[in-house]
Amino acid sequence: MEDVSWIFNSDFEQRLFEQRFHHIHSNKNTQEFEYFIHLLDPNLTIFTNKKYSDEYNEFILKLSGAELKTTSKSSLIINWCGDYTQLELKSKFQNKAILAKTLKDQGLIKSTPEIITETNKLEDGFLYKYPKSLSGGGHYFFPRDKPRLHKLLRQNEPLIKEKIYKRFLDFSALVESGVQIGLYQNIIDDYFQYKGTIVDDEFSLGEFADEYEFVVSKIRDLSKDYLGVFSIDSFLYLEAGEKKLYPACEMNMRKTMGYTALKFKEKYFKGNSKIKMILVRNTLKDFSYLRLEESFGSNVLLISPTDNRFLVFIITGNNMTEINERESQLSSTFLKRL
C-alpha cells in the first residue's frame with residue numbers, strides 16, 4: 001500500500017500562478033496551520049518536519065480522540081488546501097482582475113475596476129490590488145505603499161485600481177461540489193488582513209438575500225465544471241448613507257480559514273448556534289491548556305500549538321455579546337499587550 005501524507009500548501013496561489021507544482025517541502029509557512037488537517041480528519045497523516053510538544057499532543061488527543069500522525073518521509077504527498085488540476089478554470093476565478101472582468105461581463109457587478117500598468121496612474125484615494133495575491137493580501141494604498149506598487153508595475157504586473165468602499169460587513173459563501181454549503185462572516189482589519197470568522201446558524205443578509213443568492217447561483221453556473229471547494233468573498237458597504245451589496249470581490253479556489261471554521265463547527269460544536277474563530281499574533285503569557293480550560297471550560301479553545309507565529313482560538317457562546325466578552329477576557333488574561 002502506498003505511503004500517503006498531506007501537506008498544508010499555504011502557497012497555493014503562488015504555485016498556481018507560477019505554474020510550479022513540484023518540489024513540495026515542509027517549511028514554516030506550510031507548518032503554521034497544518035494541524036487543521038488532523039482536527040478535521042484525524043485519519044490523515046501530515047507531511048511535516050515540525051516536532052510537536054507532548055502538551056500539544058495530549059491536547060489534540062483529548063480534543064480529536066486520535067493521536068496526531070506526522071511523517072517527514074512519504075512516497076505520495078497530497079496538497080490539502082487545493083490541488084493543481086483544472087488550472088485554466090482555477091486561474092480564471094483566482095485572478096482578481098480576470099474575475100472582475102468576468103463578473104462585469106455577466107452583469108453581476110456594477111462597478112468596473114480599472115486595470116493599470118503605469119506608475120503615473122497611481123494616485124491617493126484609491127485601493128490597489130495585486131490580482132495574483134493570497135486571499136486577503138495584496139491590498140495597497142498610495143502613497144503609503146509606493147515602493148511596493150512601483151516594484152510590481154516595473155515587473156509588468158498589472159494592478160487593480162478601485163474606489164475605497166466604506167465596508168461594514170464582510171462575508172463569504174462556501175461552495176463544495178457545486179452546492180453552497182455555508183455562509184459566514186469574516187473579520188478583517190483596516191489593511192484587509194484576515195482576523196477571524198463567525199459561523200452563525202442565524203446569519204442572514206436580510207434585504208440583500210435574494211440579490212446575493214442570484215449572483216451566487218450565476219457564479220455556480222459559471223464554475224459548474226469545477227471539482228472541489230471554493231469560496232466567494234463579498235461585503236456590504238455604505239454609500240451616501242445607504243446600505244449596498246458588493247456581491248463578489250474575490251474567489252478562492254481552495255480551502256480557506258472560513259472553510260476550516262465552518263467544518264470545525266460541524267465536527268466539534270454541532271450543539272452551538274454560533275462560534276467565533278480568531279487569529280492573533282502569538283503574545284502568550286503564563287499559558288497552559290489546563291489553565292485555559294479552568295477559566296473558560298470548553299467555551300474557549302486554543303487549537304494551535306503555543307510556539308506558532310499565529311494563535312487560533314475558537315470561542316463559543318449563546319450570543320455575540322457573550323462571545324465578545326469572553327474574547328476580551330481571553331485577551332486581558334492570556335495575551336500580552338503589544
Sub-3.5 Å donor-acceptor pair from the side chain of Asn282 to the main-chain atoms of Leu284, do we have one? yes
Apply the side-chain contact (heavy atoms from CB on, under 4.5 Å) test between Lys96 and each candidate in Pro113, Cys249, Ser133; give the one that qualifies. Ser133
Which atoms form the tightest heavy-atom contact between Asp145 and Tyr140, and what is the distance? OD2-CA, 3.3 Å
Which is it for Thr45 and Ser5 under the side-chain hydrogen bond (donor to acceptor under 3.5 Å, both in side chains) test, yes or no, and what are the steps along the way? CA-CA 5 Å; Thr45 298; Ser5 60; over 6 Å; no
Without swapping roles, check the side chain of Asn27 against the backbone of Thr30 for a donor-acceptor pair under 3.5 Å. yes
Below 6.0 angstrom between ring centroids: does that apply to Tyr194 and Phe192? no
Looking at Lys121, I'd like to know if its NZ atom is crowded, meaning that more than 12 non-hydrogen atoms belonging to other residues, nucleotides or ligands lie closer than 6.0 Å. no
Do the charged groups of Lys166 and Glu239 touch, with an N to O distance under 4.0 Å? no
Gap separating the NZ atom of Lys73 from the CZ atom of Phe47, nearest 0.5 angstrom: 10.5 Å
Would you check if there is a donor-acceptor pair between the side chains of Asn49 and Ser72 at a distance under 3.5 Å? no
Any Lys/Arg nitrogen of Lys270 or Glu266 sitting under 4.0 Å from an Asp/Glu carboxylate oxygen of the other? no
Taking all heavy atoms of Ile98 and all of Ser91, pick out the closest pair and write down the distance. CD1-O, 4.4 Å
Please confirm whether the backbone N or O of Asp201 pairs with a side-chain atom of Lys274, one donor and one acceptor, at under 3.5 Å? no
For Ile187 and Thr197, which heavy atoms make the closest approach, and how far apart are they? CD1-N, 4.1 Å
Just say parallel, tilted or perpendicular for the rings of Phe310 and Phe33, cut-offs at 30° and 60°. parallel
Only one of Tyr246, Phe235, Tyr212, Phe208 forms a ring-ring contact (aromatic ring centres under 6.0 Å, His included) with Phe171, so which one is it? Tyr212
Polar side-chain atom of Asn308 near backbone of Leu311 as donor-acceptor pair, under 3.5 Å: no
Can you tell me how far the OG1 atom of Thr283 sits from the NZ atom of Lys285, to the nearest 0.5 Å? 8.5 Å
Short side-chain donor-acceptor distance under 3.5 Å, Asp170 and Tyr237: no
For Tyr56, is there any backbone N or O sitting under 3.5 Å from a side-chain donor or acceptor partner on Ser53? yes
Are Met320 and Leu262 connected in the hydrophobic side-chain network, where two residues link if heavy atoms are under 4.5 Å apart? yes
Does Lys50 qualify as a cation-pi partner of Tyr52, given the criterion of NZ or CZ under 6.0 Å from the six-membered ring centre and within 45 degrees of its axis? yes
Just verifying a value: how many Å separate Asn57 CG and Lys51 NZ, rounded to the nearest 0.5 Å? 11.0 Å
For Glu114 and Lys163, run salt bridge (charged side-chain N to carboxylate O under 4.0 Å, His left out): C-alpha distance rounded to whole Å, both residues' side-chain angles, the deciding distance at 0.1 Å, then the answer. CA-CA 10 Å; Glu114 180 183 358; Lys163 64 183 289 186; over 6 Å; no
Assess whether side chain to side chain contact (heavy atoms under 4.5 Å, CB included) is satisfied between Asp200 and Tyr184, documenting all intermediate values. CA-CA 7 Å; Asp200 186 347; Tyr184 46 84; over 6 Å; no
Taking Phe8's backbone N and O only, do any of them form a donor-acceptor pair with Glu34's side chain (distance below 3.5 Å, no angle check)? no
For the side chain of His25 and the backbone of His23, is there at least one donor-acceptor N/O pair under 3.5 Å apart? yes
Is there side-chain contact between Gln94 and Phe17, with at least one heavy-atom pair below 4.5 Å? yes
Which atom names give the shortest non-hydrogen contact between Arg326 and Val300, and what distance separates them? CB-CG2, 4.3 Å
Rounded distance [0.5 Å steps], OG in Ser304 versus CD in Glu32: 8.0 Å
Find out whether Phe313 and Ile303 are in side-chain contact, i.e. whether some heavy atom of one side chain is under 4.5 Å from a heavy atom of the other. no
Out of curiosity, does Leu227 fall in the hydrophobic cluster containing Phe93 (side-chain heavy atoms, cut-off under 4.5 Å, transitive links)? no
Heavy-atom distance under 4.5 Å between the side chains of Val199 and Phe264, does that happen here? no
Show the nearest heavy-atom pair for residues Tyr35 and Ile46, with the distance to one decimal. CA-CD1, 4.3 Å
Using a cut-off of 6.0 Å, state whether more than 12 heavy atoms not belonging to Asp210 lie near its atom CG. no
Validate the cation-pi geometry between Arg15 and Phe21: distance from NZ or CZ to the six-membered ring centre under 6.0 Å, angle to the ring axis within 45°. no
Answer whether the closest heavy-atom distance between the side chains of Asn9 and Ile24 falls below 4.5 Å. no
Within the 4.5 Å heavy-atom criterion, are Ile323 and Thr316 side-chain neighbours or not? no
Has Lys28 got more than 12 heavy atoms of other residues, nucleotides or ligands less than 6.0 Å from its NZ? no
Flag the pair Leu159 / Leu152 as yes when at least one side-chain heavy-atom distance between them is below 4.5 Å, and no otherwise. yes
What's the separation between atom CD1 in Ile160 and atom CG in Leu127, rounded to the nearest 0.5 Å? 9.0 Å
Would you say NZ of Lys267 has more than 12 non-hydrogen atoms from neighbouring residues, nucleotides or ligands within 6.0 angstrom? yes
Tell me the closest heavy-atom pair linking Ser172 and Asp233, and the distance in Å. OG-OD1, 2.6 Å
Test your reading of the model: is there a side-chain donor-acceptor pair from Thr48 to the backbone of Ser26, 3.5 Å cut-off? no
salt_bridge(Glu13, Arg254) N-O dist < 4.0 Å: yes
Quiz item: cation-pi between Lys161 and Phe126, 6.0 Å / 45°: yes
Let me see the working for Asn29 and Ser10 under side-chain hydrogen bond (donor to acceptor under 3.5 Å, both in side chains), right down to the final yes or no. CA-CA 7 Å; Asn29 289 330; Ser10 53; 5.5 Å; no
Residues, nucleotides or ligands: over 12 heavy atoms within 6.0 Å of Glu55 CD: yes
Would you call the rings of Tyr128 and Phe142 parallel, tilted or perpendicular, taking 30° and 60° as the class edges? perpendicular
Ion pair present between Glu322 and Lys276, side-chain N to carboxylate O less than 4.0 angstrom? no
So Ile219 and Lys224, do their side chains get closer than 4.5 Å, heavy atoms only? no
Charged N to carboxylate O below 4.0 Å: is that the case for Lys90 and Asp83? yes
Short question: side chain of Ser234, backbone of Pro247 - any donor-acceptor pair under 3.5 Å? yes
Euclidean distance, Phe230 CZ relative to Met251 CE, rounded to 0.5 Å: 4.5 Å
Establish, for the pair Arg291 and Phe334, whether the NZ or CZ atom is under 6.0 angstrom from the six-membered ring centre and no further than 45 degrees off its axis. yes
Is a side-chain donor or acceptor of Thr333 paired with a backbone partner of Leu330 at a separation under 3.5 angstrom? no
Count the heavy atoms belonging to other residues, nucleotides or ligands that lie under 6.0 Å from NZ of Lys243, then report whether that count exceeds 12. no
Any side-chain heavy-atom pair from Val229 and Tyr259 closer than 4.5 angstrom? yes
